[in-house]
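Read the structure below first, then the notes.
Lettering of chains follows the sequences in order, A, B, ..., and the numbering in each one begins at 1.
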Amino acid sequence: MNLTDQLTQYILSGLSTGAIYALIGLGFAIIYNSTGIINFAQGEFVMFGGMLGVYFFHKQGLALPIAFLLAVVVTALCGVIFERFAIRPLRRPTPMNMVIITIGGSIFLRGVAMIAWGKDTHVLPTFSGDEPISFAGATLLPQHLWIFAITILLIIGTKLFFSHTISGKAMSACAVNRRAAGLVGIDVRRMIMFSFILSSAIGAMAGIIIAPLTMTSYDVGVMLGLKGFCAAIIGGMSSGLPTVIGGLLLGVLESLGAGFSSGYKDAVAFVILLLILFFRPQGLFSRGSSERV
Amino acid sequence: MGKFKVFLVCVGFILTAAVAQAAAPIKIGALFAVSGPAAFLGEPEKNTLEMLVKEINAKGGIKGALIEVVIYDTGGDATKAVQLANRLIKDDKVVAIVGPSTTGETMAVKPVTEKEKIPLISCAAGIKITEPVNPWTFKTPANDQIAGEKILNHAGKLGQKKLALLTVSDGFGSSGREQLKVLAAKKGFTIVADETFGPKDTDMTAQLTKIRGAGADAIICWGTNPWPAVVTRNVKQLGITTPLYMSHGVASKKYIELSGVEAAEGVMLPAGKLAVFDKLKVTDPQAKLLAEYDAAYRKTFGVESSTFGGYAYDGLLLIADAIKKNGATPEQIRNGIEQSSNLVGISGVFNMSATDHNGLDLTAFEMVKIVKGDWALAQ
């Protein structure tokens, strides 16, 4: 096997993990943009999606598409409850309060999952078979195609939502200036709740589509959450294409890093994170000062 | 009134009888990682110990004395394990301790029990625990080295010369990696690829792609569930046909379930005999005990037994055997354990000595191959 084939494999593997990071990163960005909160429980929503998928599929014996839908709906519900009881009660939240609350929330959600479903690792069947597909000297699983397809659909969906629906525009308005948005009659609180629904649902979907490949257990959320956060930082916390590119970039760099020296795979992600936080805190793609001050 | 007096007298008798029987229970401590990342070890260990104690006590205890176990959950945290070990020794006044579940915790607890002169029978496999030997520290799982040697012997028999290593970068993986490298050099193998992966990684295709390019005769993956299952799936995905060896760390049905029956087909690994107890020869000294343990565990907890539970079983077995032989002070128990010979346990047949505080050899493992989602003895 020659070097180009190896390279194609690294890049393909990287893109497929990167797509997941992108989805998780989107969840971070959506909440950040409507509330200014970095929701460190985002990884737990991903875990909840996967675990609920396993629960509905294996324990309740439902068909995979139904289990998928139910898992997303229930996770979104958890997002609502989380917002209602952990985020909203704070009168004058400082960023520090919020970070601590979301971290606390993530530990709580992890604990709930551990008690409810135990500590075992679980796996979902792939959506359409396990037969590897050859592509330019590299191989992919059908599940990877599902991941790409669902990621692309979700990205287009959120894009359309933010630029073509009233609710989406209202949420964007909250992102630009909460006070002004409130003054023109937008129900800011509802928009915040909406952003939690949206991001927990996206997180849940990410959790379910990767469960057949990477398996899931009560504690997968931590690492996935961090990687997603990293993707969102690279993308400058934008809830659109930059975050997606950030995720893909991260995935590919990680995979290349692992290919050249496997010990440094995670280091790659975190070194990038640190470098970007130091030198381009506004993200790789944004043009300097943004309108939020 | 008369009747009432008789009743009181009866109650009195019962109470004194109960007190008399409970007068001198033998208190044994246990430290297991029942929660946290190593819970897959701690849970079956705790279950097994409770089950075994109940069984021993139902049979009247050891030489008439009942056993009482105090089990604490360390959460897999070394600092907590040390605190709890102190509590077991100072407050609960135990005469011996079974556990902890992991090598890291054991290394932290070891100095404490050695200073207090309390026998510690660890359920962790790290070779550092009993090498160099300390008079007060024992362990029941076989050395990882034995499992590695078993794999290399097998590979040698099949004429595989060039090996690729893929190890997880935690304590288990890195010590396995070191030992495999030493053993491979000693036995004349060449290592053509030496890759690692992080304990939370979800995709190992990058490492495997590199391994595929290295032209190995066999791949040895060293890690504990669940990550080796991802490796197995990735091997299938990449269409790699090189024989794949796993460590004994995945020797449970969970591994096959997580990898998928198809991907796991043909994977070979050294397994504790418990995994294949129903396929052993009848002449195997452990066959009967393994079958009984598995049946009892299934009946009590509704799931199949695991090798890890066996570690705790052997820990208490060694202690009980020592008490039977010598007596129940920490000193007597220590001496008794060191004298154990031909003691048939779950992990193997123990032959302890002053220079060997593990007491197991190559016979503790069986090379198995996964065929149609089940274990089969490998040829």
Side-chain angles (χ1 to χ4, degrees), chain A residues 1-3 5-14 16-17 20 111 114-115 118-123 125-126 130-134 138-141 143-144 210-220 222-224 226-227 251-252 254-267, chain B residues 33-43 76 165-169 173-174 177 193-215 224-230 233-240 252 254-263 303:
Chain A
M1 131 159 265
N2 58 36
L3 202 64
D5 283 356
Q6 280 195 19
L7 216 59
T8 336
Q9 183 67 54
Y10 293 146
I11 290 173
L12 267 186
S13 297
S16 49
T17 21
I20 295 300
M114 189 185 90
I115 291 165
K119 297 157 221 153
D120 262 350
T121 305
H122 301 277
V123 68
T126 46
D130 289 314
E131 223 32 68
I133 303 164
S134 286
T139 46
L140 274 179
L141 290 175
Q143 189 68 22
H144 289 125
I210 56 164
L213 288 183
T214 65
M215 308 183 291
T216 185
S217 69
Y218 77 98
D219 59 353
V220 293
V222 185
M223 207 54 172
L224 287 173
L226 274 175
K227 296 282 171 69
V252 171
E254 252 190 27
S255 166
L256 287 173
F260 292 115
S261 172
S262 45
Y264 297 106
K265 187 179 169 196
D266 286 334
Chain B
V34 184
S35 64
F40 69 102
L41 300 169
E43 214 163 71
L165 303 185
L166 180 57
T167 53
V168 61
S169 58
S174 16
R177 176 166 165 260
D194 176 13
E195 297 297 315
T196 59
F197 57 89
K200 291 262 162 188
D201 282 5
T202 48
D203 182 86
M204 283 68 150
T205 44
Q207 287 92 328
L208 285 165
T209 303
K210 203 174 169 194
I211 286 178
R212 181 164 59 172
T224 45
N225 275 337
W227 307 290
V230 179
R233 286 159 162 264
N234 289 161
V235 165
K236 168 97 192 320
Q237 180 205 330
L238 293 174
I240 296 175
S252 72
K254 189 80 194 170
Y255 163 71
I256 304 180
E257 181 198 323
L258 292 176
S259 317
V261 171
E262 241 176 276
V303 288

Quiz item: Relative to chain B, which segment of Glu131(A) carries a heavy atom at a distance below 4.5 Å: side chain, backbone, both, or neither?
Solution: side chain
Quiz item: If every non-hydrogen atom of Thr214(A) is compared with every non-hydrogen atom of Val230(B), which pair is closest and at what distance?
Solution: O-CG2, 4.3 Å
Quiz item: Out of Leu12(A), Ile133(A), Asp219(A), which one racks up the most heavy-atom pairs below 4.5 Å with chain B?
Solution: Asp219(A)
Quiz item: Is chain A contacted by the side chain of Thr196(B), its backbone, both, or neither, given a heavy-atom distance below 4.5 Å?
Solution: both
Practice problem: Determine the option with the most heavy-atom pairs under 4.5 angstrom with chain A, choosing from Glu43(B), Met204(B), Gln237(B). | Solution: Gln237(B)
Practice problem: Starting from the C-alpha separation in whole Å, work towards a yes-or-no answer on side-chain contact (heavy atoms from CB on, under 4.5 Å) for Lys227(A) and Thr202(B). | Solution: CA-CA 12 Å; Lys227(A) 296 282 171 69; Thr202(B) 48; over 6 Å; no
Quiz item: Where on Thr17(A) is there a heavy atom nearer than 4.5 Å to chain B: the side chain, the backbone, both, or neither?
Solution: side chain
Quiz prompt | Contact origin within Leu140(A) toward chain B - heavy atom pairs under 4.5 Å | solution = backbone
Quiz item: So how far is it from Asn234(B) CG to Leu141(A) CG, rounded to the nearest 0.5 Å?
Solution: 8.0 Å
Exercise. Calculate, to the nearest 0.5 Å, the distance between atoms CD and CE belonging to Glu257(B) and Met215(A) respectively.
Key: 10.5 Å
Quiz item: So which part of His122(A) gets closer than 4.5 Å to some heavy atom of chain B, the side chain, the backbone, both or neither?
Solution: both
Quiz item: Which residue out of Asp120(A), Val222(A), Leu224(A), Val220(A) racks up the most heavy-atom pairs below 4.5 Å with chain B?
Solution: Asp120(A)
Exercise. Please step through side-chain contact (heavy atoms from CB on, under 4.5 Å) for the pair Thr121(A) and Leu258(B), ending with a clear verdict.
Key: CA-CA 8 Å; Thr121(A) 305; Leu258(B) 292 176; 4.0 Å; yes
Exercise. Quick one: closest heavy-atom pair of Ser255(A) and Ala206(B), and the distance?
Key: O-CB, 3.5 Å
Exercise. Identify which part of Lys236(B) has an atom lying under 4.5 Å from any heavy atom of chain A, answering side chain, backbone, both or neither.
Key: both
